[in-house]
Student: 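What follows is a structure written as structure tokens; I'll ask about it next.
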Protein chains: 4
Amino acid sequence: MANICANMKRCFSPPALRAYFAEFFSTFLFVFIAVGSTISARMLTPDETSDASSLMATAVAQAFGLFAAVFIAADVSGGHVNPAVTFAYAIGGHITVPSAIFYWASQMLGSTFACLVLHYISAGQAVPTTRIAVEMTGFGAGILEGVLTFMVVYTVHVAGDPRGGGFGGRKGPAATALGALVVGAVTGACVLAAGSLTGASMNPARSFGPAVVSGHYSNQAVYWAGPMVGAAVAALVHQALVFPTVPEPAPAP
Amino acid sequence: MANICANMKRCFSPPALRAYFAEFFSTFLFVFIAVGSTISARMLTPDETSDASSLMATAVAQAFGLFAAVFIAADVSGGHVNPAVTFAYAIGGHITVPSAIFYWASQMLGSTFACLVLHYISAGQAVPTTRIAVEMTGFGAGILEGVLTFMVVYTVHVAGDPRGGGFGGRKGPAATALGALVVGAVTGACVLAAGSLTGASMNPARSFGPAVVSGHYSNQAVYWAGPMVGAAVAALVHQALVFPTVPEPAPAP
Amino acid sequence: MANICANMKRCFSPPALRAYFAEFFSTFLFVFIAVGSTISARMLTPDETSDASSLMATAVAQAFGLFAAVFIAADVSGGHVNPAVTFAYAIGGHITVPSAIFYWASQMLGSTFACLVLHYISAGQAVPTTRIAVEMTGFGAGILEGVLTFMVVYTVHVAGDPRGGGFGGRKGPAATALGALVVGAVTGACVLAAGSLTGASMNPARSFGPAVVSGHYSNQAVYWAGPMVGAAVAALVHQALVFPTVPEPAPAP
Amino acid sequence: MANICANMKRCFSPPALRAYFAEFFSTFLFVFIAVGSTISARMLTPDETSDASSLMATAVAQAFGLFAAVFIAADVSGGHVNPAVTFAYAIGGHITVPSAIFYWASQMLGSTFACLVLHYISAGQAVPTTRIAVEMTGFGAGILEGVLTFMVVYTVHVAGDPRGGGFGGRKGPAATALGALVVGAVTGACVLAAGSLTGASMNPARSFGPAVVSGHYSNQAVYWAGPMVGAAVAALVHQALVFPTVPEPAPAP
């Protein structure tokens with residue numbers, strides 16, 4: 001009981017509140033850019049799917065935007081910006097379950113708020129949701145999202161390594177920034193690889209906000225189950241693969 | 001009175017003059033590339049707004065160009081390249097008000113000179129100004145510019161942190177370069193996100209130069225008020241968020 | 001005989017098995033992104049070769065994807081992700097021949113598995129193989145693949161230098177990440193330079209997987225011989241050029 | 001006389017010969033990618049100038065390619081890859097005149113050899129030269145090339161600083177790699193800014209090779225005079241601006 005009280009207290013300590021704000025703002029930034037770039041590209045091409053250059057636009061926007069989003073939160077919250085990443089770190093024991101729940105709430109709020117701002121500002125443009133290509137089954141889409149998220153979250157684990165749930169720490173600021181860069185790059189690459197198939201969400205928060213604001217909740221199950229399973233497997237594989245060489249795993253907020 | 005004299009003297013010391021030149025040249029470089037890339041893309045597509053690839057071209061040009069512009073000025077002037085960034089640093093107390101005014105003048109001159117050179121060289125091409133999409137109100141555009149600038153200036157503060165108004169210093173040359181890279185990246189991402197809505201200026205100097213040279217001053221209020229407010233809020237939020245962990249804020253030029 | 005036994009034992013030690021997995025997974029990631037981006041771009045453009053933006057999409061996807069693939073494997077296996085790179089390191093004596101053979105098998109398996117997943121997930125999309133432009137001869141294509149691979153593998157050697165078959169080590173984590181970045185960048189540049197001519201494979205594994213899954217084995221000889229010869233020459237030139245200076249890196253003129 | 005002999009001897013010392021090879025190969029790589037990407041993009045678009053995506057393709061190829069070209073030569077020759085850069089370093093006294101002449105010859109040979117290989121391999125594709133838009137005068141084009149080269153060479157000087165004609169040295173491998181990255185980025189940005197006006201050569205060797213192989217020597221004067229003057233002014237401005245702070249270059253971490 002005292003343990004729970006202490007845990008709760010830690011969840012509202014100033015560093016924890018700062019971490020929640022950092023996750024809120026970084027997810028806001030990332031989703032604002034991901035959804036905004038889709039809107040901007042669509043305004044330039046009458047038929048949204050008629051050209052690879054609109055796919056390029058949103059992929060590069062997400063790569064650059066996630067680089068910045070992870071970078072600015074790295075030293076404050078670990079730079080998750082993605083409920084699936086938080087889930088993976090919770091499984092690996094790098095973040096406590098109550099903290100993870102507050103991280104999730106912050107990420108979901110950030111995403112929804114970004115879509116609300118875009119909705120009211122962009123004067124009549126519908127907020128685009130991630131969509132599954134008509135040729136695909138929901139199950140296939142879930143597998144694909146899972147595979148993509150596995151690749152991204154495994155990269156996050158390598159970039160956030162040594163040792164313990166996030167960037168910063170012993171590796172110095174240059175390594176932190178480069179870890180954020182590689183996470184952005186692999187995300188952009190995955191958007192290019194699968195953008196035409198499932199929209200390449202790989203991030204439940206990135207799909208949740210547009211769904212709330214547009215009211216189209218179809219396929220939310222796919223965009224939650226796929227990434228969560230992929231992220232969990234990535235955490236386990238990374239731990240199994242590199243654990244033997246780990247002397248002391250440090251705790252994260 | 002003696003205080004003012006001393007202040008003025010410091011504003012004309014060799015390091016200060018070098019800083020003004022650095023801001024002049026970096027803003028010249030950035031605006032030359034931002035405006036030039038719009039001209040070059042327009043020459044290749046009869047209808048300027050018909051394709052997402054022209055948006056990509058100017059977004060990537062601005063990302064790469066601002067990376068270089070911030071990089072080359074970082075150790076001399078702090079690499080602001082943007083009156084809104086200078087304003088944010090003035091609010092945070094990292095630069096004195098007289099210095100900030102000279103920074104502003106240098107940035108405005110650099111932008112205007114870049115547009116003049118482009119105007120005379122590019123033989124008959126009109127210098128394109130940042131424009132607001134017809135569907136949007138001026139107020140909505142100001143909000144959007146403010147939100148975008150908030151995201152960029154918050155990133156600038158994180159990149160320019162520890163400690164005090166600029167790059168360089170304790171973090172070493174690699175961290176300085178990576179800070180410039182992330183500032184360029186988030187700017188490019190914002191251009192992709194909002195290029196079709198307001199042109200994604202996020203920088204009063206970037207909108208001022210083309211307006212002077214083309215003679216179209218409409219909406220200048222939007223491109224000044226939005227970014228200035230957004231930058232000020234970013235400075236306050238960043239300070240409120242991380243101030244408790246700051247032991248000693250160092251002075252900037 | 002005892003020597004062979006010891007060698008074999010080392011090939012199945014935990015670090016060696018981890019290295020094989022790293023090569024398997026990194027090649028999976030790279031080929032998944034390279035082939036997936038071609039599929040995604042093709043779904044957006046009815047005629048696959050009608051626009052430079054689909055070339056951009058796959059080039060940027062490969063640049064970002066290879067950056068991540070090399071980064072995540074760098075400290076575990078050296079981050080080869082390419083049988084031609086492994087061949088070059090074997091020639092240079094940085095990896096033993098039995099290890100190289102296991103690396104090759106891992107890379108080939110990773111590539112094939114990536115194409116299988118894409119085949120089953122992407123519902124009816126054919127897995128695209130690297131192809132030679134109709135105007136070219138097979139010999140010319142082999143020369144071109146050799147020249148491209150020479151440029152890539154020479155860059156890999158410089159990035160993986162000092163000293164001995166891979167990244168990591170003395171240069172620190174930032175230099176390792178930047179080495180991965182430059183390898184990704186030069187690969188993306190080569191795809192842009194020769195994508196319309198031979199598909200710019202520069203990597204036998206990247207051509208092998210799609211061939212197995214699609215059943216089109218034509219020109220496999222070109223995609224093996226060209227890169228292998230180019231990589232071998234790169235290893236020899238790099239060794240001849242820099243070997244004498246190994247004790248102490250000399251200053252620039 | 002003995003002085004000249006000693007100078008000449010130094011010009012044929014093993015480190016000097018290695019530097020010439022490095023310049024030869026890096027210029028080969030850069031020009032191969034710059035010209036090859038133009039050919040590849042042109043094969044995908046019947047009308048070469050009809051789309052901004054072909055400009056993007058060659059700009060990104062040059063950014064990524066120059067990043068790699070400078071990176072692989074940085075520790076051997078200083079990574080000039082451009083006669084205008086060598087000229088600027090000669091003016092600044094960072095390289096002797098005889099060395100500069102050998103650097104120039106190596107760069108010109110590398111460029112010509114790259115175009116020859118492309119000519120013979122690409123089966124019937126004409127080697128594209130840099131061209132001036134019909135609306136422009138030769139004088140305006142020279143000014144534009146000069147301004148662009150000023151921006152690039154100034155960036156090269158900042159990236160190659162402290163202290164003396166090249167990368168490497170005290171700043172450590174990460175700073176060297178990031179210096180190469182920023183040089184590539186500013187070059188790509190300049191190509192996007194002026195690609196439709198003069199082709200954005202900014203490098204006499206990059207214009208010389210295609211001219212030799214295609215036999216079209218028109219406007220060579222523009223592509224030599226503009227960049228040379230721009231580079232010389234950049235060297236002088238950089239020296240005038242930062243020389244007073246030279247006394248103590250700070251050590252890297």
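Proteins come first, then strands; the chains are lettered A, B, ... in the order of their sequence lines, and each starts at number 1.
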Student: Please answer whether the main-chain N or O of A:Ala193 pairs with a side-chain N or O of C:Ser40 as donor and acceptor at a distance below 3.5 Å.
Tutor: yes

Student: Which atom pair, heavy atoms only, marks the closest approach of A:Leu192 to C:Ala57?
Tutor: CD1-O, 3.4 Å

Student: Do A:Val186 and C:Phe67 make a side-chain contact, defined as non-hydrogen atoms from C-beta onward lying under 4.5 Å apart?
Tutor: no

Student: So for atom CZ, which belongs to A:Phe139, do other residues, nucleotides or ligands contribute more than 12 heavy atoms lying within a distance under 6.0 Å?
Tutor: no

Student: On a heavy-atom basis, which atom in A:Ala133 and which in C:Met43 lie closest, and how many Å separate them?
Tutor: CB-CE, 4.3 Å

Student: Chain A heavy atoms under 4.5 Å from C:Leu66: which part of the residue, side chain, backbone, both or neither?
Tutor: neither

Student: What residues of residues 103-111 of chain C make heavy-atom contacts with chain A at a cutoff under 4.5 angstrom?
Tutor: none

Student: Tell me, side chain or backbone of A:Leu181 under 4.5 Å from chain C's heavy atoms, or both, or neither?
Tutor: both

Student: Heavy-atom cut-off 4.5 Å, strictly under: side chain, backbone, both or neither for C:Phe25 against chain A?
Tutor: side chain

Student: For A:Met151, which atoms come within 4.5 Å of any heavy atom of chain C: side chain, backbone, both, or neither?
Tutor: both

Student: Look up atom CD1 in C:Ile121 and atom CD in A:Glu135, then write down how far apart they are to the nearest 0.5 Å.
Tutor: 14.0 Å

Student: State, with a plain yes or no, whether a side-chain heavy atom of C:Phe32 is found less than 4.5 Å away from one of A:Val147.
Tutor: yes

Student: Just how far is it from atom OG of A:Ser53 to atom CG of C:Leu44, taken to the nearest 0.5 Å?
Tutor: 9.0 Å

Student: Would the number of heavy atoms belonging to other residues, nucleotides or ligands and lying under 6.0 Å from CZ of C:Phe21 be above 12?
Tutor: yes

Student: Quick one: ring-ring contact (aromatic ring centres under 6.0 Å, His included) partners of A:Phe87, sequence neighbours excluded?
Tutor: none

Student: I need the A:His238 NE2 to C:Ile72 CD1 distance, nearest 0.5 Å.
Tutor: 9.0 Å

Student: Which atom pair, heavy atoms only, marks the closest approach of C:Phe64 to A:Ala189?
Tutor: CB-CB, 3.9 Å

Student: Could you give the distance from SG (A:Cys190) to CD1 (C:Ile33), rounded to the nearest 0.5 Å?
Tutor: 4.5 Å

Student: What option among C:Ala63, C:Ala41, C:Ala69, C:Gly36 has the most heavy-atom pairs under 4.5 Å with chain A?
Tutor: C:Gly36

